[in-house]
J.: 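My questions will all concern the structure given below.
These numbers come from the heavy atoms of this one structure, side chains and all, not from hydrogens, waters or symmetry mates.
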Amino acid sequence: MGAHVSKQVERRKSISSEKKILLDLKQTGGNNFPGSDFQPADRKNWMSGFNPDKIRINQIVWPGTHDSATDKIGIPLVTRPFAQCQSLSIYEQLITGARVLDIRVQEDRRVCHGILLSYSVDVVFNDVKRFLQETESEIIILEIRTEFGHDDPPDFDKYLEEQLGEYLIHQDDQVFNRTISELLPKRVICVWKPRKTPQAKSGDPLWSSGYLKDNWIDTDKPSTKFESNMKHLGEQQPAANRKHFYRVENTVTPQADNPVLCVKPVTDRIHPYARTFISQSFERGFADRLQIFSTDFIDEDFVDACVGLTSARVEGKA
């Protein structure tokens, strides 16, 4: 018992120390970067606010959400706090400005996070299609994966094509160099990551797993995650040279051996430092590699930071 208490005390000290490291970094390094003062006039249509004839897919800094469809997961006040990573619906995330969605499903096409269940994935597609019908030039990256420990939903690739067929941008390496206008009226890059089902091929309506990569680590320590994100970002090629999307997730994850198991108080350890991360990526010389930037509990300031950097790239200032 004494050893367990001692371990928890040390963990709390370690986390407090890591939170202070990030706070000091924010205070000394600041949150300024090219485009940091930019605010889109209309977040629902922020891509349309740029000239779709001139903005290329590989110039965009894509605001994303982690575990996007968890707003209604589990049982309210009972199991939901242990798995909820977003409080907004998919539609609300999109009108706030999110353009990358991370959806996990199980065999019966229900959204899940580990062992906890949410609504049918039909709810996700209804929200996505509603948003697409209300906008004209907004491009979405939709990542759908079979959750770990589950089997692929039967014929799910066909289901995805049926749901989004008219909007699907087909798998093609040339997409990265194209402008938004050159892709329209197609508007969804759907990356399907099954466990066993064969991967999509070049020219298919869906994109294979290798087109969206990241270097996720399982930790609740904010500075450890921040520096891991920075290290792996620094190892990437510039976004303009890549033929895949690379994601950085500004999140930390509750750990089973820590008394704080609810998502929000844990991820709040790193949530305020999204702008600090962008600023530091400039300071360390590899801001040109940042592409998809994702968060838990997305908010307008996070979107504005990503859109601001996109604006600076389009204007040739970054």
J.: Verify the cluster assignment for Ile292 and Ile270: are they in a single hydrophobic cluster under the rule of side-chain heavy atoms below 4.5 Å apart?
T.: yes
J.: Do Ser181 and Asp53 have side-chain atoms, one donor and one acceptor, less than 3.5 Å apart?
T.: yes
J.: Taking Ser281 for the side chain and Phe286 for the main chain, is one N or O donor matched with an acceptor at less than 3.5 Å?
T.: no
J.: Starting from the C-alpha separation in whole Å, work towards a yes-or-no answer on side chain to side chain contact (heavy atoms under 4.5 Å, CB included) for Arg195 and Arg145.
T.: CA-CA 8 Å; Arg195 294 277 168 195; Arg145 71 178 86 174; 5.6 Å; no
J.: Mind checking side chain to side chain contact (heavy atoms under 4.5 Å, CB included) for Pro205 and listing every partner two or more places apart, or none if nothing turns up?
T.: Glu161, Leu168, His170
J.: For the residue pair Trp62 and Phe245, does the interplanar ring angle fall in the parallel (under 30°), tilted (30 to 60°) or perpendicular (over 60°) class?
T.: perpendicular
J.: Find out whether Ser137 and Leu184 are in side-chain contact, i.e. whether some heavy atom of one side chain is under 4.5 Å from a heavy atom of the other.
T.: yes
J.: Does any non-hydrogen side-chain atom of Leu88 lie less than 4.5 Å from one of Ile298?
T.: yes
J.: Salt bridge between Arg247 and Asp102, side-chain N to carboxylate O under 4.0 Å?
T.: no
J.: Taking all atoms of both residues into account, what is the closest heavy-atom pair of Phe38 and Gly308, and its distance?
T.: CB-CA, 3.7 Å
J.: Are Tyr91 and Glu134 packed together at the side-chain level, in the sense that at least one heavy-atom pair is separated by less than 4.5 angstrom?
T.: yes
J.: Please round to the nearest 0.5 Å and tell me the distance separating atom NZ of Lys201 and atom OG of Ser208.
T.: 10.0 Å
J.: Kindly determine whether Asp127 and Gln93 satisfy side chain to side chain contact (heavy atoms under 4.5 Å, CB included), including the steps that lead there.
T.: CA-CA 10 Å; Asp127 276 7; Gln93 291 171 42; over 6 Å; no
J.: Donor-acceptor pair, Trp46 side chain versus Asp304 backbone, under 3.5 Å?
T.: no
J.: Looking only at atom types and distance, does a side-chain atom of Thr70 sit under 3.5 Å from a main-chain N or O of Cys85, one as donor and one as acceptor?
T.: yes
J.: Decide yes or no on side chain to side chain contact (heavy atoms under 4.5 Å, CB included) for Phe226 and Leu25, but give the supporting numbers first.
T.: CA-CA 11 Å; Phe226 187 100; Leu25 188 62; 3.6 Å; yes
J.: Will you find, in the side chains of Gln86 and Thr65, an N or O donor that is under 3.5 Å from an N or O acceptor?
T.: no
J.: Does Ile139 share a hydrophobic cluster with Ile103, counting links as ILVMFWY side-chain heavy atoms below 4.5 Å and allowing steps through other members?
T.: no
J.: Any side-chain to backbone donor/acceptor pair from Asp299 onto Phe302? Under 3.5 Å, distance only.
T.: yes
J.: Using the side-chain contact (heavy atoms from CB on, under 4.5 Å) definition, which of the options Asn229, Leu309, Val248, Val100 pairs with Phe293?
T.: Val248
J.: With a 4.5 Å limit on heavy-atom distance, are the side chains of Gln133 and Lys129 in contact?
T.: yes
J.: Are side-chain heavy atoms of Lys26 and Arg275 found at a separation under 4.5 Å?
T.: no
J.: Tell me, do Thr310 and Ile55 make a side-chain contact under 4.5 Å, heavy atoms counted?
T.: yes
J.: Kindly list each side-chain donor-acceptor pair under 3.5 angstrom involving residues 113-125, sequence neighbours excluded, with atom names and distances?
T.:
from   : atom 1 : to     : atom 2 : distance (Å)
His113 : ND1    : Asp67  : OD2    : 3.4
His113 : ND1    : Ala83  : O      : 3.0
His113 : NE2    : Asp67  : OD2    : 3.2
Tyr119 : OH     : Asp71  : OD1    : 2.5
Ser120 : OG     : Asp122 : N      : 3.1
Asp122 : OD1    : Tyr159 : OH     : 2.3

J.: Is any NZ, NE, NH1 or NH2 atom of the basic residue among Lys264 and Asp296 found under 4.0 Å from an Asp or Glu carboxylate oxygen of the other?
T.: no
J.: With sequence neighbours left out, write down each residue that passes side chain to side chain contact (heavy atoms under 4.5 Å, CB included) with Arg178, or none if nothing qualifies.
T.: Asp172, Gln174, Val175, Glu182, Leu183
J.: Measuring from Lys193:NZ to Tyr211:OH, what's the distance to the nearest 0.5 Å?
T.: 13.0 Å
J.: With a 3.5 Å distance limit and no angle check, can you tell me whether Thr79 reaches the backbone of Ile75 through a side-chain donor-acceptor pair?
T.: yes
J.: Would a distance-only check, ignoring hydrogens and angles, find a side-chain to backbone donor-acceptor pair under 3.5 Å from Arg109 to Pro153?
T.: no
J.: Between Leu164 and Ile189, is there shared hydrophobic-cluster membership here, with clusters defined by ILVMFWY side-chain heavy atoms closer than 4.5 Å?
T.: no
J.: Report the residue from Lys44, Arg99, Arg187 that forms a salt bridge (charged side-chain N to carboxylate O under 4.0 Å, His left out) with Glu138.
T.: Arg99
J.: So does Lys221 have more than 12 non-hydrogen atoms from other groups sitting under 6.0 Å from NZ?
T.: no
J.: Are Glu18 and Thr224 linked by a side-chain donor-acceptor pair shorter than 3.5 Å?
T.: yes
J.: Would Val188 and Ile144 show up in the same hydrophobic cluster when neighbours are defined by side-chain heavy atoms closer than 4.5 Å?
T.: yes
J.: Would Ile15 and Val260 count as a side chain to side chain contact (heavy atoms under 4.5 Å, CB included) here? Give the steps.
T.: CA-CA 11 Å; Ile15 289 169; Val260 183; over 6 Å; no
J.: Would you call Lys231 and Glu235 a salt bridge, taking side-chain N to carboxylate O under 4.0 Å as the test?
T.: yes
J.: Report yes if some heavy atom in the side chain of Arg284 is under 4.5 Å from a heavy atom in the side chain of Leu233; otherwise report no.
T.: no
J.: Would you tell me whether Gln291 and Asn58 have side-chain atoms, one donor and one acceptor, within less than 3.5 Å of each other?
T.: no
J.: Within a strict 4.5 Å, meaning less than it, do heavy atoms of the Gln236 and Asn215 side chains meet?
T.: yes
J.: If you count heavy atoms of other groups shown closer than 6.0 angstrom to CD of Glu92, is the number above 12?
T.: yes
J.: Do Asp152 side-chain atoms and Lys196 backbone N/O form a donor-acceptor pair below 3.5 Å?
T.: yes
J.: Taking only residues two or more places apart in sequence or in another chain, which ones pass side chain to side chain contact (heavy atoms under 4.5 Å, CB included) with Lys13?
T.: Val9, Glu10
J.: Under the 4.5 Å side-chain heavy-atom rule for ILVMFWY, direct or indirect, which residues accompany Trp216?
T.: none
J.: By salt bridge (charged side-chain N to carboxylate O under 4.0 Å, His left out), which residues pair with Asp24, not counting sequence neighbours?
T.: Lys20
J.: Would you compute the distance between atom CZ of Phe50 and atom CD of Gln59 and round it to the nearest 0.5 angstrom?
T.: 10.0 Å
J.: Would you say NZ of Lys243 has more than 12 non-hydrogen atoms from neighbouring residues, nucleotides or ligands within 6.0 angstrom?
T.: yes
J.: Mind checking the OG1-CG spacing from Thr197 to Asp151? Nearest 0.5 Å is all I need.
T.: 9.0 Å
J.: Please round to the nearest 0.5 Å and tell me the distance separating atom CZ of Arg289 and atom OH of Tyr246.
T.: 11.0 Å
J.: When you group the ILVMFWY residues by side-chain heavy-atom contacts below 4.5 Å and let the links chain together, are Met47 and Ile169 in the same group?
T.: yes
J.: Give, for atom CZ of Phe297 and atom NE2 of His66, the distance between the pair rounded to the nearest 0.5 Å.
T.: 10.5 Å
